[in-house]
There are 2 protein chains.
Amino acid sequence: MPKDGSVTRDKILDAALKLILQKGFGSTSVDNVIAEVGITKGAFFYHFKSKRDMAVALIRKFVDNDNAHLIDGKSEVEKYSHDPLQQLLALISLFEQQFAELEDPYPGCLYAAFCYQGDMFDEEIRNIIAEQLQRWRQYIVDKVYEIMETRTPKMAVDVESLADLLTTTFEGAFIMSKTLDDPKLVAKHLRHYRNYIELLFSD
Amino acid sequence: MPKDGSVTRDKILDAALKLILQKGFGSTSVDNVIAEVGITKGAFFYHFKSKRDMAVALIRKFVDNDNAHLIDGKSEVEKYSHDPLQQLLALISLFEQQFAELEDPYPGCLYAAFCYQGDMFDEEIRNIIAEQLQRWRQYIVDKVYEIMETRTPKMAVDVESLADLLTTTFEGAFIMSKTLDDPKLVAKHLRHYRNYIELLFSD
DNA sequence: TATTTTATACCGACTGGTTGGTATTGACAA
DNA sequence: TTGTCAATACCAACCAGTCGGTATAAAATA
């Protein structure tokens, strides 16, 4: 049986995620990470050729996980109703429920953490994030156009920004939740987004 | 008249703000700041006894400026209408106009930058920020209760989180605007917040 | 089956450079 | 000539990254 180095690699990424959300990328030293994991410098640079290399791996993992949430949410929601409006409302409800269960403020989102350290990263890393944000946009944009086949919105709205507003609500609410130390805030703000969609499209 | 060191002090704070929004607090070194301003270490530590001391001064200045926006917006808006609903909608419109003029993505908000470096700061700094967020909340909460004296919302809503949602929209939209490199995004998302208020309360 | 080889996974001392912060000195205005 | 303001030179701690070496186990060879 081979020694499984991927266990250590994952532990490094987990520790790095936690520390980066607390202190930011630039303030999280490799020494911090290895101390958290309980390994040495040698082990770290065996798995990642540089700190930036680790950042890329970390953001890839975070994006994959985020995308899994989108895909899971989609399939969860689309099996209960064929009405695109009900599907979209149910998707938001699903996220509300998940965030309503939290007892501590959500630790935060890597996209925001990296956004506010932008100058430390190159185009490649920014693109990985932007592409994932556009997957969310695309799913909701399509859903809204489906809705508009049978319903007329109460107001003329820009569909693309309406779709992006979900992510905006998440990102903004994470910051508010942490700053005001209110674990329930994210769910409450998602509820307003759901209300808005409902007011726009329901009869 | 003594030499006016406050000019240098302000230049330091301006440079620090710019750099911190680009790179984060932890990755912005004192050397970076003095290079940007064109002064030396001695000058920096004459004006601020530590880097943390500068951070406190910076966040105080940012909060004062933010509060000025709130106060200016209030008085601007309250002189054109006595209807609290029209006042609130006009306030959001005002911010929309300001952000619609931008040609580049808004550089970001210190509250978010500090939020994602939370572990580097103490309770004092977090409180300065939280108190300012609560001033925004209080103004809108009061306004919404005024509105509800004469109008019934289309849906039952949590007033406090409805008020906080303005800040959430700002914070989230700043991140989206920077990440997607879209200068007009903030104005568009504020528009949705205004739409939501309008749908909730108008006849 | 016993022995050698090879690849993986990890260690910890070390390097050149950067960090926040200090001590000392001097220039300039009142 | 005194207090304000800023420059130079410096320090100890910390930074990302390197390097020579080691332990282990699978694979190849005998």
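Reckoned from all heavy atoms, side chains included, excluding hydrogens, waters and symmetry mates. The sequence lines fix the lettering, A, B, ..., with proteins before strands; numbering per chain opens at 1.
- One atom, CZ of F48(A), and another, C1' of dT18(D), lie 18 Å apart when rounded to the nearest Å.
- Salt bridge E131(A)/R60(A): absent, no basic N to carboxylate O contact under 4.0 Å.
- Side chain of K188(B) to backbone of E160(A): no donor-acceptor contact under 3.5 angstrom is found.
- When distances run from any side-chain atom of Y46(A) to the nucleotides dT8(D), dC10(C), dC5(D), the shortest one goes to dC10(C).
- Taking a cutoff of 4.0 Å between a charged side-chain nitrogen and a carboxylate oxygen, R191(A) and D158(B) do not qualify as a salt bridge.
- Taking 4.0 angstrom as the limit, H47(B) places a side-chain polar atom (N or O) nearer than this to OP1 or OP2 of dA6(D).
- Between T8(B) and dC5(D) there is no side-chain N or O to OP1 or OP2 distance below 4.0 Å.
- Residues from residues 14-35 of chain B lying near DNA chain C, meaning a heavy-atom separation below 4.0 Å, are T28(B), S29(B), V30(B), D31(B) in numerical order.
- Comparing A43(B) and G42(A), the nucleotide of DNA chain D nearest to each residue sits closer to the 5' end for A43(B).
- With rounding to the nearest 0.5 angstrom, the NE2 atom of H192(B) is 14.0 Å from the OH atom of Y196(B).
- With ring centers used as reference points, F62(B) lies under 6.0 Å from Y111(B).
- We find that CD1 of I12(A) is positioned 14 Å from P of dG17(D), with the value rounded to whole Å.
- Qualifying ring-ring contact (aromatic ring centres under 6.0 Å, His included) partners for F45(A), counting only residues two or more places apart in sequence or in other chains: none.
- Rounding to the nearest 0.5 angstrom, the gap separating the CZ atom in R126(A) from the CG atom in L180(B) is 12.0 Å.
- Residue side chain K41(A) reaches the base of dA16(D) through a donor-acceptor N/O pair under 3.5 Å, judged by distance alone.
- As rounded to whole Å, 12 Å separates atom P of dC10(C) from atom CG of D10(A).
- Open room surrounds NZ on K18(A); 12 or fewer heavy atoms of other groups in view lie less than 6.0 Å from it.
- For residues 49-58 of chain A, proximity to DNA chain D is found at S50(A), K51(A), defined as any non-hydrogen atom under 4.0 angstrom from a strand atom.
- Within the cation-pi definition used here (under 6.0 Å to the ring centroid, within 45° of the axis), K51(B) does not qualify as a partner of F44(B).
- What separates CZ of F45(B) from P of dA6(D) is a distance of 15 Å, to the nearest Å.
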